[in-house]
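Notes follow once the structure below has been shown.
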Amino acid sequence: MTTNGWLQIAVFFALIVMCAKPLGSFIAGVMEGKRTFLSAVLVPFERLIYRICGIDSEEQHWTTYAGSLLAFSAVSALLLYAMQRLQGWMPWNPLGLNQNNVSPDLAFNTAVSFTTNTNWQSYVPETTLNYFVQMAGLTVHNFVSAAAGLAIAIALVRGFARHSVRTIGNFWVDLTRCTLYILLPLSILAALVLCSQGVIQNLNPYTTAITLEGVKQTISQGPVASQEAIKMLGTNGGGFFNANSAHPFENPTPFSNMFQMFLIFLIPGALTYTFGKMVRDTRQGWALFAAMTVLWFGGVLTAYHFEQQGTPTLTKAGIEMTATSTQSGGNMEGKETRFGIADTALFATVTTDASCGAVNGMHDSFTPLGGLVPLFNIQLGEVVFGGVGTGLYGMLMFAILAVFIAGLMVGRTPEYLGKKIEKKEVKMAMVAMLILAASILFFAGATSVVEFAKNSYWNPQGPTTGNTSNPGAHGLAEILYAYTSGTGNNGSAFAGISANTPWYNLTLGFAMLIGRFLMLLPLLAIAGSLAAKKQVPVSAGTFPTHGPLFVSLLVGVVVIVGALTYFPALSLGPIVEHLML
Amino acid sequence: MLKALRIGLVMTLFFTVLTGIVYPLGVTAAAKVLFPRQASGSLIEQNGKVIGSELIGQNFTKPEYFHPRPSAAGTGYDAANSSGSNLGPTNPALADRLTKDAAQYRRDNPDYTGPIPADAITTSGSGLDPEISPANAQVQALRVAAARGIPVAIVRRLVDEGTQHRDLGFLGEPRVNVLRLNMALDEKVPVKR
């Protein structure tokens, strides 16, 4: 662990803190329909969209809001499925990739994956999907799935901010504004910054080079920068290439690397301020920010420490583990020279704190406890800044539980932001939480034992456990990581697992659907119920939710719930593997 | 619900055009004007022929060239098939490979007896890492100088000149681009054939 490594971590954090207020205010303004500096250009355009699509911008009850979201997700997922299966007839296809490259189960998995903001990829992108599907299919979903997540978070915040009303906003308006005012302008800027660093952006066929030693090398091309920008900004994480952000064409320099990590946390960090502003008490937003910071830093510290420490296997081969001024030391298996240990450990933590799932090094080759960090981060619910929107609503769910627990301790009806937290809210928060845990543990458990899938249509190459690329405890960790990543809508992987079989494609697809929709329906129900409640005046007995006591309680609830739920599974995977080193 | 489905369909089509076609094509056009070299892959040409990309590693096996890190992309440096090894820390296959590659590295660089630089025998995440650490380059400098029959000081100077420092002085790690370094070698001290 070097001074330089710590400096990078500190600078990264400083950037996120600095942008939280300006961007957070801007987002609040946009979502409340106020005039911003983009209004002059975009308001007429926005009106035109509503006219074309036949949208009346009247506010919706939470059930209508949820219905609109579900309808939109269903239609757009179907179109993406169709686009993949018909890709042979699409333009911009210099490699001649067609539907034979995409089986029905793979197309289902990918359609669900991008609609749910997961971006799990069972396939090798550069040999599976053509430029048209990557742009008009995947890039689009990178935008709208992030915008939908943001919309839901704002709807939940409205539930806290309003009182005695039946509505929580209009889904179509929220979706349009998030995309037009926030995601698209930032993506255009980000794409150009990335391009300046060397990220490619073209529609050329693959280049054939004859190397200095006279060997033929085929070099992938494609419209990468435009997808890369929204991939990070929308916490999507689906790579244009198989190696994702480790690929030099996706992430060519340490500068682009820092910029990509910044893009992941940019909106989620700012949303805590948006939240504070909309509930008219910015201290509440900063309290969430503080809790998230504690959890983020714990992860970075752990991952950095163990990756730098390396493993006995590496030491035995005679490899230097200590960082010097001319080499990074540590566990460099699966890591890029330009990033070294600090940047890869930080990236792995950030991408799984958020629901991004982009990777700049292979998590599968991390040390056992270094790899435990990304896995556990997702299992905590990706509430550490989290995905665009999803992080905020996940953390608010934990905040509801935290005040409930505090209420139990003192024997008072809990309140949060002037709203009584009653049976319905706590029930809904618990439902959301339990569904996530059930999906992860059930699917991972089933995949470890199912017999019928072996050698059948479901998993032609043998038993489902045989799809892992590593034996023993690490193999189990690969399976556990896959369903954790799917349910958590993260999309990163212990990527040695070969998940492109009907069994994995379908079960992971269902895990992603459960993780997205069965989580946000209870949350929208909470939003509707809160909006209808009266405001309770603050009294001497009100538990303050902006101080260090609440922050500690919130961190405690997140960690304890996560640890109690997943410790048995983790102890069979990464923990036992660490003991075997 | 039917109304929601209709709006959903029109909106999906609308966003497909806006964010799936107009946006990427607009960025493509802008990139072509602003960053033409980067946008097309930072390709390097020699005598009018593409010999590779500055950003994409390629394999070198001859002793008179600097060697890149081992690669798990396809059969090695397959730039249409990026991939890491994904071998876990306790996988015996990883231990075997490291033992084998360590022995090879020692054989290739017999004059060096210190610890092996961390990047030298580990595979990268992409399998296309274009760079090695300066420490790794300095180890190989001895071999390259011997194979070319030139004083090691000349090779060391080329390594120093080819070393990229941390971005903005603190980002990432110092590194040496293997293809650029080998091209500089060929230009300054061509191998007599």
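Computed from a predicted model, the values in this text were never measured in an experiment. We use all heavy atoms of the structure for the numbers below, so side chains are in, but hydrogens, waters and symmetry mates are not.
No side-chain N or O of B/Asn86 forms a donor-acceptor pair with one of A/Ser469 less than 3.5 Å apart. Side-chain atoms of A/Glu333 and B/Ser85 include a donor-acceptor pair closer than 3.5 Å.
Heavy atoms only, all atoms of each residue included: B/Met11 and A/Cys53 are closest at CG-SG, 3.7 Å. Pairing each heavy atom of B/Tyr23 with each of A/Ala191, the nearest pair is OH-CB, 4.0 Å.
Among A/Thr313, A/Asn470, A/Asp364, the single residue meeting the side chain to side chain donor-acceptor pair (under 3.5 Å) criterion with B/Asn91 is A/Asn470.
Residue with the most contacts toward chain B among A/Ala323, A/Ser196, A/Gly472: A/Ser196 (heavy-atom pairs, distance under 4.5 Å). Counting heavy-atom pairs under 4.5 Å between each of B/Thr12, B/Asn59, B/Asn81 and chain A puts B/Thr12 at the top. Per-residue counts of heavy-atom pairs under 4.5 Å with chain A were compared for B/Ala120, B/Ser133, B/Ala73; the largest is that of B/Ser133. The greatest number of non-hydrogen atom pairs below 4.5 Å with chain A, out of B/Asn136, B/Asp101, B/Asp78, B/Leu25, is found for B/Leu25.
Neither the backbone nor the side chain of A/Leu183 has a heavy atom closer than 4.5 Å to any heavy atom of chain B.
Ring geometry for B/Phe14 versus A/Phe45: interplanar angle of 30 to 60°, hence tilted.
Panel note: side chain B/Glu173, backbone A/Arg338; no donor-acceptor pair is recorded below 3.5 Å.
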Assess whether side-chain hydrogen bond (donor to acceptor under 3.5 Å, both in side chains) is satisfied between A/Asn202 and B/Ser40, documenting all intermediate values. CA-CA 6 Å; A/Asn202 62 59; B/Ser40 55; 5.8 Å; no
